[in-house]
Amino acid sequence: MRFIIISGLSGAGKSQAAKFLEDAGYYTVDNMPAVLMPRFAEVCRSGGSRYEKVALVSDIRGGVDFSDFFAALDEMKAMGCDVKLLFLEASTEAVIKRYKETRRTHPLCTAYDLSLEEAVEKERGLLAQVRERADYIIDSTTFTSTNKLRNTLLEMFGTPKNAGLEVSVLSFGYKYGIPLEADLLMDVRFLPNPFYLPELRKLTGLDKPVTDFLWKYPETGQFLALFRKNLEFLLPLYATEGKSVLIIGVGCTGGQHRSVAMCHAIAEQVAELGYAVREHHRDMTRDRK
């Protein structure tokens, strides 16, 4: 069981880091009190595969005495957990700029009646001992976008870049409307329509007689070969840009034959390229008479 404990300066990107790790399959909890971390680890150990990878955020919000924090780390390691401490930091100027943009209050400003700059420097001093124990340190000072942090995390923890991208392929019928959630739309009404053959009319694009009919035409294979090239080009770029879910809509007239068959074939291509994929058929059974 793997635990990543995220700590570091307020405004350095801890919450964003937790979100990106969640996209990569980690179960995440923000602002976890240190004394509860070993007990939570026990719960995770009895919870099965759902909790194989866990990321917990624990920082200055839990108090300035880190003895409980270090004791929790040692106890979890003694339990046999693979525990790694990730520390995020940034320059004082970068943190101040981020706080001004978000208009949030630094947790130490109110507690110690400090200016923002004083609060950042005080927190840096308080966290020095945590930084010394860190297995990984990320300085987000020069990160101009959250995508840089995301890619750094995925590379740092040995997770493929495409692990954060899930592709959903959705078949639909144009006569029932375009799916509003789709990022990419593919109209496959150029393919021969099985609907006009009485023996195929009541079947769907998942039935072998329908796929046999479609694959008799060379344009079916040509289309899929060309579309795969598009996937090979586009998917890594979407993943690099930090997109977590990409929805590809594949449409024909009624959403029963051509779009279903092509949706299934495209989903197989996505899986072959190493991406998590879901396959949905919105209108497949809506108009079967």
Side-chain angles (χ1 to χ4, degrees), residues 20 22-25 147 150-151 154 159-289:
F20 293 141
E22 184 175 24
D23 290 341
N147 294 332
R150 174 186 181 275
N151 292 335
L154 295 181
T159 308
K161 285 187 176 181
N162 60 4
L165 176 65
E166 179 182 281
V167 181
S168 180
V169 190
L170 168 68
S171 71
F172 69 94
Y174 274 96
K175 70 178 182 179
Y176 300 116
I178 294 173
L180 298 179
E181 67 270 31
D183 298 297
L184 300 176
L185 285 175
M186 189 64 239
D187 184 346
V188 296
R189 287 177 292 184
F190 64 88
L191 294 173
N193 195 349
F195 178 82
Y196 295 111
L197 296 179
E199 66 273 22
L200 301 181
R201 183 168 300 172
K202 292 185 179 181
L203 301 179
T204 75
L206 298 179
D207 293 313
K208 189 173 185 300
V210 174
T211 57
D212 287 344
F213 169 80
L214 290 171
W215 261 261
K216 288 193 305 183
Y217 297 89
E219 52 263 42
T220 301
Q222 292 168 0
F223 161 71
L224 288 172
L226 291 171
F227 198 83
R228 184 185 179 103
K229 291 185 179 295
N230 282 329
L231 293 174
E232 291 172 349
F233 174 74
L234 291 173
L235 296 185
L237 297 178
Y238 279 119
T240 299
E241 282 301 305
K243 194 167 184 62
S244 59
V245 178
L246 178 72
I247 301 176
I248 302 174
V250 185
C252 65
T253 304
Q256 179 182 337
H257 297 105
R258 293 168 291 180
S259 63
V260 171
M262 294 303 101
C263 173
H264 182 70
I266 290 170
E268 289 183 335
Q269 290 181 337
V270 172
E272 290 170 0
L273 292 173
Y275 294 84
V277 63
R278 296 179 183 270
E279 179 181 338
H280 303 279
H281 303 289
R282 191 189 72 178
D283 304 319
M284 183 174 69
T285 61
R286 188 188 294 222
D287 199 28
R288 293 176 67 181
K289 298 180 181 179

Minimum heavy-atom separation for [X] and [Y], please, with both atom names.
X	Y	result
Ile266	Leu231	CG2-CD1, 4.3 Å
Val210	Pro194	CG1-CG, 4.0 Å
Thr211	Ala261	CG2-CB, 4.3 Å
Ser259	Cys252	OG-SG, 3.2 Å

* Asked: Hey, mind stepping through Ile248 and Phe227 against side-chain contact (heavy atoms from CB on, under 4.5 Å) and telling me if it holds?
  -> CA-CA 12 Å; Ile248 302 174; Phe227 198 83; 4.1 Å; yes
* Asked: Which residues satisfy the side chain to side chain donor-acceptor pair (under 3.5 Å) test with Ser168, sequence neighbours excluded?
  ->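 Once residues adjacent in sequence are excluded, Ser168 has no partner under the side chain to side chain donor-acceptor pair (under 3.5 Å) criterion.
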* Asked: Rounded to the nearest 0.5 Å, what separation is found between the CZ atom of Phe213 and the CG atom of Leu200?
  ->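 Output value for this atom pair is 6.5 Å.
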* **Approximate separation, where rounding is to 0.5 Å, of Arg150 CZ and Ser244 OG** =>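 Reported to 0.5 Å precision, the distance equals 8.0 Å.
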* Qualifying residues under side chain to side chain contact (heavy atoms under 4.5 Å, CB included), relative to Glu181, sequence neighbours excluded ->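 Partners of Glu181 under the side chain to side chain contact (heavy atoms under 4.5 Å, CB included) test: Leu170, Pro179, Ile247.
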* To do: List for me each residue that meets side chain to side chain contact (heavy atoms under 4.5 Å, CB included) alongside Leu206, sequence neighbours excluded, and say none if there are none.
  =>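 Testing Leu206 for side chain to side chain contact (heavy atoms under 4.5 Å, CB included), a comparison that skips the adjacent residues, returns Thr204, Val260, His264, Glu279, His281, Met284.
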Throw together a table of side-chain donor-acceptor distances under 3.5 angstrom for residues 214-225, partners on residues two or more places apart or in other chains.
from, atom 1, to, atom 2, distance (Å)
Thr220, OG1, Leu214, O, 2.7

* Testing Val270, Val277, Leu246 for side chain to side chain contact (heavy atoms under 4.5 Å, CB included) with Leu165, which one passes? ->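 That would be Leu246.
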* Asked: Of all residues at least two apart in sequence or in a different chain, which pass the salt bridge (charged side-chain N to carboxylate O under 4.0 Å, His left out) check with Glu232?
  ->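 Partners of Glu232 by the salt bridge (charged side-chain N to carboxylate O under 4.0 Å, His left out) criterion, ordered by chain and then number, come out as Arg228.
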* Partners passing salt bridge (charged side-chain N to carboxylate O under 4.0 Å, His left out) against Lys208 (at least two apart in sequence or in another chain) ->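 Testing Lys208 for salt bridge (charged side-chain N to carboxylate O under 4.0 Å, His left out), a comparison that skips the adjacent residues, returns Asp212.
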* Does Leu180 CG have over 12 foreign heavy atoms under 6.0 Å away? ->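 No - once you tally the heavy atoms of other residues, nucleotides and ligands closer than 6.0 Å, there are 12 at most.
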Quiz: residues 185-193 side-chain donor-acceptor pairs under 3.5 angstrom, not counting sequence neighbours:
from, atom 1, to, atom 2, distance (Å)
Asp187, OD1, Arg189, N, 2.9
Asp187, OD1, Arg189, NE, 3.0
Asp187, OD2, Arg189, NE, 3.1
Asp187, OD2, Arg189, NH2, 2.7
Asn193, OD1, Phe195, N, 3.0

* Asked: Hey, does the side chain of Gln256 reach the backbone of Asp283 with a donor-acceptor pair shorter than 3.5 angstrom?
  ->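 No, the answer is negative, given that no donor and acceptor are paired below the 3.5 Å cut-off.
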* For Phe172 and Tyr174, run ring-ring contact (aromatic ring centres under 6.0 Å, His included): C-alpha distance rounded to whole Å, both residues' side-chain angles, the deciding distance at 0.1 Å, then the answer. => CA-CA 7 Å; Phe172 69 94; Tyr174 274 96; 4.9 Å; yes
* **salt bridge (Lys or Arg N to Asp or Glu O under 4.0 Å): pairs with one or both residues in residues 256-268, sequence neighbours excluded** =>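 Matches after skipping sequence neighbours: none remain.
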